[in-house]
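Numbering of residues begins at 1 and proceeds along the displayed sequence.
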Amino acid sequence: MIHRTIKTLACAISLSVVGMVQAAETASAPISIKFAHVVAEHTPKGQGALMFKQLAEERLPGRVKVEVYPNSSLFGDGKEMEALLLGDVQLLAPSLAKFEHYAKQIQIFDLPFIFDDIHAVDRFQQSPQGKSLLTAMEGKGITGLGYWHNGMKQLSSNKPLHSPKDARGLKFRVQASAVLDEQFKALRAAPRKMSFAEVYQGLQTGVVNGTENTWSNYESQKVHEVQKFFTESNHGAIDYMVITNTKFWNGLPDDVRTELDAIMAEVTVEVNRMAEELNQESKQRIIQAGTSEVIQLTSEQREEWRKAMQPVWKKFEADIGKELIDAAISANQPS
Ligand code: LMR
């Protein structure tokens with residue numbers, strides 16, 4: 001009899017403990033994750049951020065809340081990394097050109113013509129050397145969660161660019177990257193570092209005469225309305241590292257972090273699967289708009305651009321490391 005009472009009591013206590021934990025979980029506010037980026041929603045990164053929000057809130061109901069801020073609406077270039085370190089934002093996906101102050105090796109991605117196409121970029125990112133870059137900034141409090149593709153860069157200008165000498169003397173907007181700065185100097189052009197949010201106005205007002213970017217970024221920023229020519233050069237890539245604040249991520253409850261890691265991996269596959277398609281659709285819409293001309297290069301012309309830009313590699317070899325450069329080059333061979 002006493003035995004049964006104790007058992008009933010124990011059962012009641014354990015039920016009420018379960019109830020308390022559940023109540024505590026529902027009563028406690030969900031973990032807030034702000035994901036800020038600088039591009040439009042209808043781009044590979046914009047779509048990826050929304051997909052991450054949807055899956056995280058679906059699979060961790062009441063436990064996380066993800067707010068996505070596109071178009072530099074929370075933080076733009078120049079401020080976002082500092083905000084991540086201060087804990088004012090939890091997820092970013094800056095282009096790989098924007099990490100030079102945190103890990104010089106990541107400059108590998110900006111070397112002109114180092115990758116033949118986006119598949120080579122992907123193979124390098126999946127290689128042990130590529131993966132090691134995801135943790136290269138942990139000493140500075142930044143953890144890489146994955147690589148997202150945008151795509152290959154094309155040149156834009158208000159005059160036709162067929163050969164490197166056509167770029168001489170023109171002012172080109174570049175991302176805040178020493179490599180990209182040198183790339184345009186190698187053409188005897190004048191690079192101007194400018195945040196992404198300022199590109200349209202910079203081109204419209206003539207502060208710069210041209211730039212480089214992917215089709216999806218061009219279309220979403222309406223660059224085709226203020227540039228007469230695009231040259232399909234595929235001379236480099238714009239890809240992203242999704243990053244978080246190391247302390248924040250490691251401090252998440254284990255089950256939440258494990259689920260978010262799995263979601264990030266799933267979203268990464270999806271973004272990388274659809275990025276090329278989004279860029280091709282944007283290219284077609286730019287052509288259909290009829291406001292600008294798309295110039296195709298012959299293989300001889302493309303070779304001229306390569307010759308003009310490639311000397312830049314040597315300037316950054318000491319910072320990036322010869323081994324990493326060799327690993328990137330070998331990613332051009334499908335295994
Ligand atoms: C740029 O600044 O041109 C790009 O990095 C923007 C982006 O995030 O795609």
Requested in this report: Please identify each residue that fulfils ring pair (Phe, Tyr, Trp, His ring centres under 6.0 Å) with Phe230, with sequence neighbours left out.
Outcome: Trp215, Tyr218
Query - Summary of salt bridge (Lys or Arg N to Asp or Glu O under 4.0 Å) pairs that have at least one residue in residues 144-164, sequence neighbours excluded - result: Lys153-Glu212
**Report entry** By ring pair (Phe, Tyr, Trp, His ring centres under 6.0 Å) - contacts of Tyr147 (at least two apart)
**Finding:** Phe109
Report summary line: Residues pairing under salt bridge (Lys or Arg N to Asp or Glu O under 4.0 Å) where one sits in residues 227-243, two or more places apart or in two chains, turn out to be Glu232-Lys283
Query - Exercise: do Gln284 and Gln288 side chains pair donor with acceptor under 3.5 Å - result: no
Query raised in the report: Do you see a donor-acceptor pair shorter than 3.5 Å between the side chains of Asn150 and Asn279?
Result: yes
Query - Set of residues satisfying side chain to side chain contact (heavy atoms under 4.5 Å, CB included) with respect to Ala49, sequence neighbours excluded - result: Phe35, His37, Val68
For a quick test of your reading: what N or O donor-acceptor pairs under 3.5 Å do the side chains of residues 185-197 make, sequence neighbours left out?
{"residue": "Lys185", "atom": "NZ", "partner": "Asp181", "partner atom": "OD2", "Å": "3.1"}
{"residue": "Ser195", "atom": "OG", "partner": "Glu198", "partner atom": "OE1", "Å": "3.4"}

Validation: residues 311-325 side-chain donor-acceptor distances under 3.5 Å, sequence neighbours left out:
{"residue": "Trp313", "atom": "NE1", "partner": "Pro112", "partner atom": "O", "Å": "2.8"}
{"residue": "Lys314", "atom": "NZ", "partner": "Glu317", "partner atom": "OE1", "Å": "2.9"}
{"residue": "Lys315", "atom": "NZ", "partner": "Glu182", "partner atom": "OE1", "Å": "3.1"}
{"residue": "Lys322", "atom": "NZ", "partner": "Asp326", "partner atom": "OD1", "Å": "3.0"}
{"residue": "Lys322", "atom": "NZ", "partner": "Asp326", "partner atom": "OD2", "Å": "3.3"}

**Report entry** Residues that Ser177 engages under side chain to side chain contact (heavy atoms under 4.5 Å, CB included), provided they are two or more places apart
**Finding:** Ala97, Glu100, Asp110, Val179, Leu180
Report task. Quick one: list whatever passes side chain to side chain contact (heavy atoms under 4.5 Å, CB included) with Thr268, sequence neighbours left out. Result -> Trp148, Met264, Asn272
Query raised in the report: Is the closest side-chain donor-acceptor distance between Gln54 and Glu58 under 3.5 Å?
Result: yes
Query raised in the report: Can you pull the ring pair (Phe, Tyr, Trp, His ring centres under 6.0 Å) pairs that have at least one residue in residues 51-91, sequence neighbours excluded?
Result: none
Query raised in the report: Which residue pairs pass the ring pair (Phe, Tyr, Trp, His ring centres under 6.0 Å) test with at least one member in residues 158-181, sequence neighbours excluded?
Result: Phe172-Phe184
Report task. For the residue pair Gln154 and Thr231, confirm or rule out a side-chain donor-acceptor distance under 3.5 Å. Result -> no
Report summary line: Across all chains, not counting sequence neighbours, the side chain to side chain contact (heavy atoms under 4.5 Å, CB included) partners of Ser330 are none
